[in-house]
Amino acid sequence: MAQRPPAAESSILRASLQLYPGTAMADTLRRLANSEKCRVLQDKLDDWYKDYHINSCDSNLNVCCELLELNSKIQGQLFKILSVTAREGGQYAGVETLKSRFLPWLGTCFSASSPGSFSENSCSILNESMERKLSASHERELNEVESKLSSTRIELNSVRQELLETQMDLEDTKNKSANTLLATEEEILQLRAELRAAREKLELRSLDSIDDYEKQIRLLRDEISILSAENGILNSRVSRSRSPSPIRHSSRSSSPFPRSESPTCAKITNASRQARLISRFNDIFANDRLDAQTLLRRYIDDLEMVQRIIFIATVESFHAAKMAFRQFRLRVRKSLSPSHMGPESLEDTVIDYIVRNLDLYDVQSSVNEVISAMNVNPKISFPPDVDFILISAFIREVCRVAFAMQTLDPPLDIAFTVDGELFTESKYRRTYDSEHTAPLVYYHVWPALMENDNVIVKGEALTKRGALWSSVRSRSRSTSPVRSRSASPGRNLTSRSRSPSPRRSGTPRF
């Protein structure tokens with residue numbers, strides 16, 4: 001009576017569940033394997049085995065009946081699984097198995113043979129079936145591992161290929177980086193050489209400026225000596241004027257000092273005024289010009305057009321200031337000529353008067369003339385919603401400086417310019433965006449300041465290849481009768497009738 005077939009059946013069920021987790025009866029097998037019936041049956045069977053000799057006959061019969069009931073429930077579920085499994089196999093599947101194993105087992109169960117031989121036979125049969133199933137699953141798993149191994153080898157080969165490509169790319173990058181590093185070192189060396197050259201130029205300029213300052217100091221000392229001499233002359237005149245003299249005109253005519261030794265205020269301050277006006281001209285280039293350029297860039301995107309407008313405004317301002325100076329000088333000469341009786345010449349007296357009364361210059365009329373001339377200039381254009389009066393402050397300042405430069409001896413003026421002319425190193429500097437190998441000027445940015453034929457302050461110009469053709473096209477446009485300024489006969493007549501004095505005939509006209 002103390003047999004243990006339920007435990008063996010439970011282990012077989014668990015093994016079958018592990019081998020075939022995807023069959024149709026997987027859920028039923030899982031529930032059966034996880035149920036407490038097999039475990040309870042085994043526990044009760046162990047307890048009954050221990051207490052069999054102690055229990056009474058009724059107690060042993062009750063335990064045996066209870067075990068049979070549990071065993072029958074488990075067997076009922078197994079028979080149900082057997083029928084469903086056979087039904088899933090089809091009409092003829094599993095027939096040989098049922099004939100060879102199931103029917104003989106049923107016969108042995110109801111026969112009177114010994115239970116030991118039956119359990120041994122069933123266990124051997126089960127072991128053989130498990131070995132067959134395990135060998136089949138082992139082969140299947142081995143095939144899967146081999147397939148995974150082959151796929152892994154393929155991936156490994158692809159990774160090796162990618163690694164080789166990456167190494168090649170890395171080598172290329174290293175070579176490029178080395179070339180870039182060499183180029184950067186060459187650029188650094190070139191920049192250092194340029195820096196040394198710039199420092200040398202700066203030192204030379206500083207030396208030149210020191211020489212200029214020393215020259216100005218010498219000129220100032222000369223002026224001081226002249227002023228001292230003039231002061232002595234004036235004191236002697238005052239002392240003579242206090243003594244009685246019956247004939248004043250004869251004493252004036254018999255003065256032992258010639259006219260050339262009595263300089264006016266304009267001659268005395270000529271060098272200092274020249275230095276001050278040159279400094280102001282440089283300030284206009286460095287500050288006022290950039291302010292006007294920034295103001296124009298709000299309305300005009302083309303930097304070339306903005307620089308052309310500022311340059312033409314500067315040229316026209318010098319032209320208008322020179323014309324105004326000639327007219328002003330004629331009026332002053334006409335006013336002073338009847339009453340002039342001093343030892344200095346009439347021309348010196350006129351210049352001295354103009355120097356003392358520069359505030360009488362009508363600069364607004366010159367600004368209006370400049371704006372009118374710019375409106376008909378064919379080289380520049382302006383948006384229709386604004387006017388050139390926008391830079392009237394810049395034009396006014398240039399006119400004042402240009403007017404004051406006409407009072408110097410000799411006067412300062414800007415160089416004559418034309419687009420497409422040959423670039424001169426002694427007269428102009430190239431802009432940063434110029435083509436340094438181009439020999440011709442494409443357009444001018446700032447004029448050069450001249451004293452007769454000597455360059456006082458260099459101008460600035462942009463050089464570019466093809467500048468000659470651009471200048472030819474601009475000249476062809478400027479010959480149009482509508483836009484050309486030469487179409488106005490009144491301006492030409494005025495400029496011809498008011499020619500400069502012989503002493504200033506060397507200055508270029510614009």
Does a donor on one side chain sit under 3.5 Å from an acceptor on the other, for [X] and [Y]?
{"X": "Gln364", "Y": "Arg396", "answer": "yes"}
{"X": "Thr269", "Y": "Arg273", "answer": "yes"}
{"X": "Tyr442", "Y": "Ser434", "answer": "no"}
{"X": "Ser345", "Y": "Asp348", "answer": "yes"}

Margin query: Tell me whether Arg400 forms a cation-pi arrangement with Phe318, defined as NZ or CZ under 6.0 Å from the six-membered ring centre and within 45 degrees of its axis.
Written below: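 Relative to the ring axis of Phe318, which defines the angle, Arg400 lies outside at least one limit.
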Donor-acceptor contact present, side-chain [X] to main-chain [Y], <3.5 Å:
{"X": "Ser279", "Y": "Arg276", "answer": "no"}
{"X": "Asn452", "Y": "Asn454", "answer": "no"}
{"X": "Asn143", "Y": "Glu139", "answer": "yes"}
{"X": "Gln406", "Y": "Ala402", "answer": "yes"}
{"X": "Glu435", "Y": "Thr463", "answer": "no"}
{"X": "Asn377", "Y": "Ala373", "answer": "no"}
{"X": "Asp419", "Y": "Tyr443", "answer": "no"}

Next item on the list: Report yes if some heavy atom in the side chain of Ser177 is under 4.5 Å from a heavy atom in the side chain of Leu181; otherwise report no.
Entry: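 Side-chain contact under 4.5 Å: no.
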Item checked: Sub-4.5 Å side-chain heavy-atom contact between Val441 and Leu462 ->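 A side-chain contact under 4.5 Å is absent here.
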Notebook entry, point to check: Do you know the tightest heavy-atom contact between Ile391 and Ala292?
Noted result: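 Shortest heavy-atom contact: CG2-CB, 4.2 Å.
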Item checked: Distance-minimising heavy-atom pair for Val367 and Ser392 ->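 Between these two residues, the closest heavy atoms are CG1-CB, 4.1 Å.
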Notebook entry, point to check: In Å, rounded to the nearest 0.5 Å, how long is the span from CG of Leu412 to CG of Leu449?
Noted result: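 Answer rounded to 0.5 Å: 5.0 Å.
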Item checked: Point-to-point distance, once rounded to the nearest 0.5 Å, from CD of Glu203 to CD1 of Ile210 ->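 Separation between the atoms: 10.5 Å.
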Next item on the list: Identify, with sequence neighbours excluded, every residue that meets salt bridge (Lys or Arg N to Asp or Glu O under 4.0 Å) alongside Arg297.
Entry: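 Arg297 satisfies salt bridge (Lys or Arg N to Asp or Glu O under 4.0 Å) with no residue once adjacent residues are dropped.
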Notebook entry, point to check: Parallel, tilted or perpendicular for Phe285 and Trp446, by the 30°/60° rule?
Noted result: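 Rings of Phe285 and Trp446: tilted, 30 to 60°.
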Item checked: Salt-bridge present (Arg280, Asp288; N to O < 4.0 Å) ->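 Asp288 and Arg280: salt-bridged.
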Notebook entry, point to check: Does Glu425 come within less than 4.0 Å of Arg430, counting only side-chain N to carboxylate O?
Noted result: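 Yes, charged N to carboxylate O under 4.0 Å.
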Margin query: Counting only heavy atoms not in Ile389 (residues, nucleotides, ligands), do more than 12 fall under 6.0 Å from its CD1?
Written below: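 12 or below, so no.
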